[in-house]
Amino acid sequence: MAALTTLFFLTLLCFFPCNNAHPFHRHPRTAHHNYRDALTKSILFFEGQRSGRLPSNQRMTWRRNSGLSDGAAMKVDLVGGYYDAGDNVKFGFPMAFTTTMLSWSVLEFGGLMKGELQNAKQAVRWATDYLLKATVHPDTIYVQVGDANKDHACWERPEDMDTPRSVFKVDKNNPGTEVAAETAAALAAASLVFRRSDPIYSKILVRRAMRVFEFADKYRGSYSTGLKKYVCPFYCSYSGYQDELLWGAAWLQRATKNPKYLNYIQINGQTLGAGEFDNTFGWDNKHVGARILLSKAFLVQKMKSLHDYKGHADNFICSLIPGASFSSTKYTPGGLLFKMSDSNMQYVTSTSFLLLTYAKYLTSAHMVANCGGATITPKTLRSIAKKQVDYLLGDNPLKMSYMVGYGGRYPKRIHHRGSSLPSIEAHPAKIQCSAGFSVMNSAAPNPNLLIGAVVGGPDQNDRFPDQRSDYEQSEPATYTNAPLVGSLAYLAHSFGQL
């Protein structure tokens, strides 16, 4: 395995001719994949995850309105937002992270997206419109709609759901620092997305982000404590809330340029874990993302006081490279980064995005990453990211795309209620709570294609059974797709497809 991994890394070094003169250089070779098609589909996926009243330009037409009374239990309007994965619950923590990463994808690579930019921005806005509703009351955030345990006891379409739409919140008495700070990050990042195209909306978002971050920082405590029986084990915060405070402050610093956030980062960065070696970036742990984001302030904006974040970011890069000092990442025999058996593909997409983004920052600053005595060029980072995205799109031992609707072979039995049950159009009569389980347990392909959905992915030996009941490998999630949007935009542009 070690020999295979080293061979995998060495092949990366001769992937492309080196050309780091510009952050968005084009690779001269023709691509094996249609990244533009994959980009279109990766954004379209979000329309299949929409909750609320669907607009007239809804393209995922097998979906219909759902959750139109969400929030009524607390006399607040919580209609809208996204279902996180294959169920019908609206979890605020992963939804906020999805929003932050979709926004970051647009901020770094939206200029390359051409006709898809508008669709990407609409995907962001579907989330931020909801997050504004969820933060409408000061020092309160509505963090979940739906009782997950009761929802998971049914297999029904979102349009049919009759499980309790219970509303859960955090406030001064029951704080939720991680979900509050992530929500602040999402609102701040999204404010930058709309700064030029909709300045009024942008100002609303950034003002709300500041207010929400203040609440997160002032009333500290984990939402997994007060809401444990509702949010665990689904989206428990295992990494604590320090990472979200650093991440939220980093986004507010970027969005506002207010010295108070830079000051906050300088004073609190180390106590909030800036230098820790936790190299798994996802909906729970934001440390690595914060390091990469803050490295830009040093590399591109020449903020000398944030010099350490270049070193922290380099340590993350080194963790990915076999044979490098601090190397700690496992790869499958087929070359896929492998962090854990449950929804591993989310770490593949988030890591690939960070590699491409850091390569962009390094290129702008004419610098490289340092791993002990070895220097790692932006070209190498792009090569590793491309290899991961290509695996996802079909360059793997099974010759299978892990994105629904892309390529000739892809998962047909994804763990997703709406996709697996007949649509309202095909079957107007209500499908009762437990009636759907006969479909869930069947081997029949899903009747509705959730185009663009990226599933949890293969196991550590590159195996994928394509079974609907196997949620660890067969369930898609919004936070898996969100960072992939940026990577696909970069690759599509690099190969002249955009």
Side-chain angles (χ1 to χ4, degrees), residues 37-38 40-51 59-64 66 82-89 91 94 98 123 148 151-152 154-161 234 283 336 340-349 391-394 396 398-424 426-427 431 436-459 462-482 484-485 488:
D37 179 49
T40 298
K41 288 169 175 168
S42 71
I43 298 169
L44 178 60
F45 158 75
F46 288 94
E47 295 193 15
Q49 296 301 110
R50 284 172 168 171
S51 181
R59 295 176 295 166
M60 200 79 83
T61 53
W62 52 266
R63 283 294 322 283
R64 293 288 190 274
S66 62
Y82 290 114
Y83 303 115
D84 70 300
D87 54 31
N88 300 326
V89 183
F91 293 99
T98 293
D151 175 89
H152 287 193
C154 294
W155 192 266
E156 58 187 352
R157 304 175 294 199
E159 295 85 357
D160 281 342
M161 62 186 170
F234 313 102
W283 60 262
L336 184 71
M340 56 188 71
S341 58
D342 189 356
S343 297
N344 178 65
M345 208 56 94
Q346 66 178 297
Y347 306 110
V348 175
T349 60
Y391 183 110
L392 186 157
L393 295 178
N396 54 62
L398 296 182
K399 301 290 180 252
M400 178 180 207
S401 155
Y402 290 102
M403 176 187 283
V404 174
Y406 177 86
R409 187 180 179 212
Y410 50 80
K412 298 290 200 304
R413 299 164 192 86
I414 68 170
H415 183 92
H416 189 277
R417 288 154 176 76
S419 171
S420 68
L421 293 164
S423 67
I424 296 286
H427 188 288
I431 300 171
F437 281 108
S438 62
V439 171
M440 200 277 271
N441 294 317
S442 81
N446 288 11
N448 310 307
L449 280 187
L450 187 61
I451 300 289
V454 177
V455 296
D459 68 13
D462 302 294
R463 294 174 303 205
F464 182 78
D466 195 12
Q467 289 174 343
R468 199 175 291 110
S469 58
D470 183 358
Y471 63 87
E472 291 194 344
Q473 291 184 258
S474 294
E475 190 168 16
T478 54
Y479 44 85
T480 303
N481 272 60
L484 184 61
V485 168
L488 289 170

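Here the side chains of Lys41 and Met403 are in contact, with some heavy-atom distance below 4.5 Å. The shortest distance between side-chain heavy atoms of Trp62 and Ser419 falls below 4.5 Å. Contact of the Ile414 side chain with the Val404 side chain is registered, since non-hydrogen atoms from C-beta on lie closer than 4.5 Å. The shortest side-chain heavy-atom distance between Pro458 and Leu336 falls under the 4.5 Å cut-off. Put simply, the side chain of Glu156 does not reach to within 4.5 Å of the side chain of Ile431, judged on heavy atoms.
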Derivation of the side-chain contact (heavy atoms from CB on, under 4.5 Å) call for Trp283 and Asp84: CA-CA 11 Å; Trp283 60 262; Asp84 70 300; over 6 Å; no
Audit row: Leu44, Met60, side-chain contact (heavy atoms from CB on, under 4.5 Å) steps and yes/no: CA-CA 7 Å; Leu44 178 60; Met60 200 79 83; 4.1 Å; yes
Residues Asp151, Arg417; criterion side-chain contact (heavy atoms from CB on, under 4.5 Å); working and verdict: CA-CA 11 Å; Asp151 175 89; Arg417 288 154 176 76; 4.1 Å; yes
Step-by-step side-chain contact (heavy atoms from CB on, under 4.5 Å) determination, Leu488 to Leu393: CA-CA 11 Å; Leu488 289 170; Leu393 295 178; 4.2 Å; yes
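Judged by distance alone, with hydrogens and angles left aside, the side-chain atoms of Glu472 form no donor-acceptor pair with the main-chain N or O of Ser343 at under 3.5 Å. Checking side-chain atoms of Gln473 against main-chain N and O of Gly456 turns up no donor-acceptor pair under 3.5 Å. Remark: side-chain polar atoms of Asn481 are not paired, donor with acceptor, to backbone N or O of Phe46 under 3.5 angstrom. For Gln49 (side chain) and Ala85 (main-chain N/O), a donor-acceptor pair under 3.5 Å exists by modelled atom type.
A salt bridge does not link Glu159 to Arg64: none of the charged side-chain nitrogens sits closer than 4.0 Å to a carboxylate oxygen.
Between Tyr402 and Phe464, the ring centre distance stays below 6.0 Å.
In this structure, Pro158 and Gly418 approach most closely via the heavy-atom pair CD-CA, 4.2 Å. In terms of heavy atoms, Pro465 sits closest to Asp470 at CG-OD2, 3.6 Å. Pairing each heavy atom of Arg63 with each of Arg50, the nearest pair is NH1-O, 2.8 Å. Pairing each heavy atom of Leu421 with each of Gly436, the nearest pair is CD2-CA, 3.9 Å. Taking every heavy atom of both residues into account, Thr349 and Leu392 meet most closely at CG2-CD1, 3.8 Å. For Leu450 against Pro476, the heavy-atom pair with the smallest separation is CD2-CG, 4.0 Å.
Residues passing the side-chain contact (heavy atoms from CB on, under 4.5 Å) test with Thr61: none are found, sequence neighbours excluded. Take Asp160 and apply the salt bridge (charged side-chain N to carboxylate O under 4.0 Å, His left out) test, not counting sequence neighbours, and it matches Arg157.
In this model, a donor atom of one side chain and an acceptor atom of the other lie less than 3.5 Å apart for Asp87 and His152. Side-chain contact annotation: Trp155 with Ser420, donor-acceptor N/O pair under 3.5 Å present. The closest side-chain donor-acceptor pair between Asn446 and Arg468 falls under 3.5 angstrom. Tyr83 and Ser66 share a donor-acceptor pair across their side chains, judged by distance under 3.5 Å alone.
To the nearest 0.5 Å, the span separating OG on Ser442 from CZ on Arg413 amounts to 8.5 Å.
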Show every donor-acceptor pair shorter than 3.5 Å between a side-chain atom in residues 405-412 and any protein atom, with sequence neighbours excluded, or say none if there are none.
from	atom 1	to	atom 2	distance (Å)
Tyr406	OH	His33	ND1	3.1
Tyr406	OH	Asn34	N	3.0
Arg409	NH1	Leu398	O	2.5

